2 protein chains.
Amino acid sequence: MTQPSNSLHIENKPLRERVLDVLREAIVSGEFKPGQPLVEMDIAAQLGISRAPLREALQFLSHEGLVEVTPYRGTVVKPLTRTDIEELYSLRSVLETFALQRIIAQNQPENVAQLRQCYEEMLAAAQVGDLKLVNNIDRQFHDLLIDLSQHGLLTATWNTVSLRVRQVMALRNRKNRDITQIAYNHLPIIEAIGQADEPLATRLIQEHISSSGDLIAELWDDVPPEDGQS
Amino acid sequence: MTQPSNSLHIENKPLRERVLDVLREAIVSGEFKPGQPLVEMDIAAQLGISRAPLREALQFLSHEGLVEVTPYRGTVVKPLTRTDIEELYSLRSVLETFALQRIIAQNQPENVAQLRQCYEEMLAAAQVGDLKLVNNIDRQFHDLLIDLSQHGLLTATWNTVSLRVRQVMALRNRKNRDITQIAYNHLPIIEAIGQADEPLATRLIQEHISSSGDLIAELWDDVPPEDGQS
DNA sequence: CGATTGTCAATTGTCGACAATCGACAAATT
DNA sequence: AATTTGTCGATTGTCGACAATTGACAATCG
């Protein structure tokens, strides 16, 4: 996340990590649907690798909560229940609130500037109507919030939560109302941080997150996509 | 954690999980010191198994933050810096506060009763002077707090944090002051929950945790045990 | 002598093959 | 016919061997 961007560097990650990236992206993007079984032999053949690194990647994914491994039974993409989503967003709210409080405590104008710049980009994208870009920047915004908190363990925890949030957002049928409104919603939070008004910032971020979380959870069909067999 | 305790059940976990338990216990108990390298061949030979399940167990541990895997370089027990400890306890405080708020929101007397019972046992152990037992029950108390919050994702997050807390407690030279005082400290928290006094309970739990965290962090020698090579 | 380059041992990464386990279905027994 | 028992195919779990990569040290060159 804080790559020094040293130019001239070829990727030589172990196979398991590249496999991990591919599978994670497939799940988080919704390409692999919740409940879908992941048969090791098939995937290994499909990727043209052996099962060893694949298995290690699957272990990783199970720790990230994206898949469920049942010994001797197999691996499936973890089903997403409504309760899961509620838990996801409630914990997310807690983590972001914590990050926000730390940022305010640091009281560094540079931080606010970064957040504000992120906001500007989001607004610009919204005004052009680029929904996908808005969502990406929105994600960047919240990642940045965590990153600025300077808390490694929080960041690590956030990363696993964030993945599943992405998955949820990829799977729901986007009820995207006013796109620019999405961007506008972030401004008060930034301002509250800038004024070091912790109670206000806390209230705003919690409303911001839980409102979107509730919206998604309410509309969630449990067990929505019976996989294409039946 | 919520085992139905069906009698008559032989353990048939995959090898990797048994290995995982063994290694985790070794690290968390302080038997494996931070920074200590974990050479796959050696450990596999020592356990009389092949490297495949061992590697999968090591992957697990790296996700739990107990070891650090560097590709092609090897695995070491993750060093514990003072910053790590501060982060650990601050996040712990956040998580427990969240759990506590949820418990209060549930408003079920049964929960308070369970906590109180846990407290009674701790007090009894303290009065007998059984430090080890007090620590175990203390851990149970905080696990129970999380468990009662009825939040699966929180519980999962807690478990990884909790492991490292155990590790820290195993590694420090116990400055155990008044043992009974440790037990007494928990009572006000329980009472605050019983009276649904959220602000008070929140304040108490945060003081409870951060005080012990600060105490440990202050006394922490960074890079303490140069392994016996020099 | 300092810096660069080549070589090597140690360790991890990957593979293919074999063993163990599970659920489901068939067969047998009452 | 219902229940138990046996068998089977599919899939995961484990193993041992081989390939790839790293850092350290030695050899070479200026």
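Note that this is a predicted model, so its numbers are computed, not measured. In what follows, chains are A, B, ... by sequence order, proteins preceding strands, each numbered from 1.
Between the CZ atom of A:R51 and the P atom of D:dA10 there is a distance of 15 Å, given to the nearest Å. Between the NZ atom of A:K13 and the P atom of C:dT14 there is a distance of 13 Å, rounded to whole Å. In this structure, A:L20 places its CG atom 12 Å from P of C:dT14, rounding to the nearest Å. As a whole-Å value, the separation of A:L47 CG from C:dT14 P is 13 Å. The nearest whole Å value for the distance from the CG atom in A:D42 to the P atom in D:dT11 is 7 Å. Remark: P of D:dT21 and CG of A:L15 are 11 Å apart, rounded to the nearest angstrom. We find that CZ of A:R55 is positioned 6 Å from C1' of D:dG13, with the value rounded to whole Å. Atom CD in B:E56 sits about 7 Å away from atom P in D:dT14, given to the nearest Å.
Between A:P14 and A:Y72, the residue anchored closer to the 5' end of DNA chain C is A:P14, taking for each the nucleotide with the nearest heavy atom. The 5' end of DNA chain C is approached more closely, in terms of each residue's nearest nucleotide, by B:M41 than by the other of A:P71 and B:M41.
Salt-bridge formation is not detected for the pair A:D21/A:R18: no Lys NZ or Arg NE/NH1/NH2 atom is positioned less than 4.0 Å from an Asp or Glu carboxylate oxygen. For the pair B:R82 and B:E86, the salt-bridge criterion is met [side-chain N within less than 4.0 Å of a carboxylate O]. Taking 4.0 Å as the cut-off between side-chain N and carboxylate O, A:K78 and A:D84 do not count as a salt-bridged pair.
Counting non-hydrogen atoms under 4.0 angstrom, A:R16 reaches the backbone sugars and phosphates but no base. Across all strands, B:L58 comes closer than 4.0 Å to no nucleic acid atom at all (heavy-atom distances).
D:dG30: Watson-Crick or G-U partner is C:dC1, with both key distances under 3.5 Å. In this structure, D:dT4 and C:dA27 make a Watson-Crick or G-U wobble pair, each of the two defining distances being under 3.5 angstrom.
Taking the six-membered ring where tryptophan is involved, the planes of B:H142 and B:H208 are essentially parallel, since the angle between them stays under 30° and well short of 60°.
Taken from SG in A:C118 to CG in A:L144, the straight-line distance is 6.0 Å, to the nearest 0.5 Å.
For the pair B:R73 and D:dG23, the criterion of a side-chain N or O lying under 4.0 Å from OP1 or OP2 is met.
Closest to the A:V39 side chain, of the nucleotides D:dC15, C:dC15, D:dT11, is D:dT11. Closest to the A:S50 side chain, of the nucleotides C:dC15, D:dT14, D:dT12, is C:dC15.
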